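Have a look at the structure below, then the notes.
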Amino acid sequence: MKNKLLISVVGVVLLCLIALIAYYSQNQPSGSNSGSVAQTAPLKRYYSPTTGNPDAKVTIVEFFDPACETCRSFHPFVKKLMSAYPGKIKLVMRYAPFHQRSDYVVKILEAAKLQGKYWQTLEEVYAAQPLWAQHGNPQPEMLWEVLGFIDLDLEKAKLDMNSLMIAKHIKQDLDDADALRVTKTPGFFVNGKPLKEFGYRQLQTLVESEVRTLYP
């Protein structure tokens, strides 16, 4: 009789354990495969250059390399997307200088930001990319000949670009890119969702989906 009672108790305990395991398995938070990025690193840092309406509900985060030809070709496309939905999208730029000596150009961009001329400098960097970013023989110093035309204080920029603060910003962006599994540029996230299939149409579809959801 005692044996039968013991067996019954053990059976009930096992059933309870199985039920608990099944419950917790079904209620675990979804991972990166759900379409949103695993939060192993923030998508934006306090120093990240940002443009567009600060209160926009749709945020595009772009990890870019100033020497990347594809980044250059996507830049006007992203601006066109933003102008198609005025006030609804903001753009956050993050650095992923994977190409040889592109970190030099990132330092210039950060130095220009200190003078309030980040976006003008970025435009000039992309416009002159075919000259300074030749594969196998990059010559980013050539940019100084171009940047004087946007009223940038070149001597100040040359001093500022070597600051410890800027070096820390670049390292932090590279660390975040690694944590977020960004291995190629440009790397896009829209409201935390990575662009799973790369392309103009795919980025536009993801952005428009977020706009329709958040601005019904």
Side-chain angles (χ1 to χ4, degrees), residues 28-52 54 56 58-75 78 82 89-119 121-123 125-126 129 132-133 135-136 138 140-141 143 157-199 202-203 206-207 210:
Q28 287 298 309
S30 57
S32 58
N33 291 334
S34 66
S36 46
V37 66
Q39 294 301 317
T40 54
L43 286 166
K44 180 181 179 180
R45 294 286 179 176
Y46 71 90
Y47 56 81
S48 301
T50 305
T51 187
V58 179
T59 301
I60 300 174
V61 175
E62 178 185 351
F63 281 85
F64 80 106
D65 183 329
C68 165
E69 294 174 1
T70 309
C71 296
R72 179 175 181 254
S73 69
F74 262 82
H75 185 62
V78 172
M82 295 182 68
I89 301 172
K90 61 176 173 281
L91 173 66
V92 177
M93 304 298 284
R94 303 295 305 274
Y95 301 118
F98 297 149
H99 285 74
Q100 183 184 6
R101 300 206 68 200
S102 59
D103 58 332
Y104 183 95
V105 183
V106 169
K107 291 177 182 179
I108 292 177
L109 287 167
E110 282 291 283
K113 186 175 68 177
L114 295 175
Q115 298 185 35
K117 295 186 178 296
Y118 181 87
W119 299 102
T121 302
L122 181 60
E123 294 291 339
V125 163
Y126 275 146
Q129 188 192 81
W132 67 264
H135 295 302
E141 293 84 0
L143 283 169
K158 289 177 181 178
L159 290 174
D160 289 341
M161 67 181 290
N162 293 310
S163 72
L164 181 60
M165 177 188 68
I166 288 178
K168 286 182 176 179
H169 291 176
I170 296 172
K171 183 181 184 304
Q172 184 64 72
D173 275 18
L174 281 169
D175 287 346
D176 288 346
D178 182 60
L180 294 164
R181 300 177 184 175
V182 175
T183 58
K184 297 179 181 179
T185 55
F188 290 103
F189 296 83
V190 181
N191 283 354
K193 299 175 182 177
L195 188 62
K196 290 186 175 181
E197 294 183 16
F198 186 76
Q202 290 86 343
L203 177 60
L206 182 54
V207 169
E210 291 297 307

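Remember, it's a predicted structure, so these values are computed and weren't measured experimentally.
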| When you measure from the side chain of Gln129 to the backbone N and O of Cys68, does any donor-acceptor pair fall under 3.5 Å? | yes
| request: For the pair His169 and Tyr47, name the ring-plane relationship: parallel under 30°, tilted 30 to 60°, perpendicular over 60°. | output: parallel
| field | Main-chain N/O of Ala41 paired with Asp176 side-chain donor or acceptor, under 3.5 Å | value | no
| remark: For Tyr118, the ring pair (Phe, Tyr, Trp, His ring centres under 6.0 Å) test, sequence neighbours excluded, returns none
| Set of residues satisfying ring pair (Phe, Tyr, Trp, His ring centres under 6.0 Å) with respect to Phe64, sequence neighbours excluded | Tyr95
| query | Within a strict 4.5 Å, meaning less than it, do heavy atoms of the Tyr104 and Pro97 side chains meet? | reply | no
| With side chains defined as the heavy atoms from C-beta onward, is the minimum distance between Ile89 and Val78 less than 4.5 Å? | no
| task | Please report the shortest heavy-atom distance between Gly187 and Val182, naming the atom on each side. | result | CA-CG1, 4.4 Å
| Quick one: are Leu122 and Met93 in side-chain contact, heavy atoms under 4.5 Å? | yes
| Residue pairs passing the salt bridge (charged side-chain N to carboxylate O under 4.0 Å, His left out) test where at least one lies in residues 103-113, sequence neighbours excluded | Glu110-Lys113
| message | Any non-hydrogen side-chain atom of Thr51 less than 4.5 Å from a side-chain atom of Met82? | response | yes
| field | For the student: nearest non-hydrogen atoms of Arg45 and Arg94, plus distance | value | CG-NH2, 3.5 Å
| remark: When every non-hydrogen atom of Met161 is compared with those of Ile108, the smallest separation belongs to CE-CG1, 4.0 Å
| note | Taken to the nearest 0.5 Å, the spacing of Leu164 CG from Ile166 CD1 works out to 10.0 Å
| task | Check whether any side-chain heavy atom of Leu195 lies under 4.5 Å from a side-chain heavy atom of Val190, and answer yes or no. | result | no
| Hey, are the side chains of His75 and Glu123 touching, using non-hydrogen atoms and a 4.5 Å cut-off? | yes
| query | Within the side chain of Trp132, is there an N or O that forms a donor-acceptor pair under 3.5 Å with the backbone of Val125? | reply | yes
| Are there more than 12 heavy atoms of other residues, nucleotides or ligands under 6.0 Å from atom NZ of Lys168? | no
| task | Measure the shortest side-chain to side-chain distance between Leu174 and Lys171 over non-hydrogen atoms and say whether it is less than 4.5 angstrom. | result | no
| query | Counting only N and O atoms by type, is there a donor-acceptor contact under 3.5 Å from the side chain of Asp65 to the main-chain atoms of Thr185? | reply | no
| field | Minimum heavy-atom distance between Cys71 and Pro186, given as atom pair plus value | value | SG-N, 3.6 Å
| query | Closest approach of Val92 and Ser48, non-hydrogen atoms and distance? | reply | CG1-CB, 3.7 Å
| task | Flag the pair Phe98 / Phe63 as yes when their ring centroid distance falls below 6.0 Å, and as no otherwise. | result | no
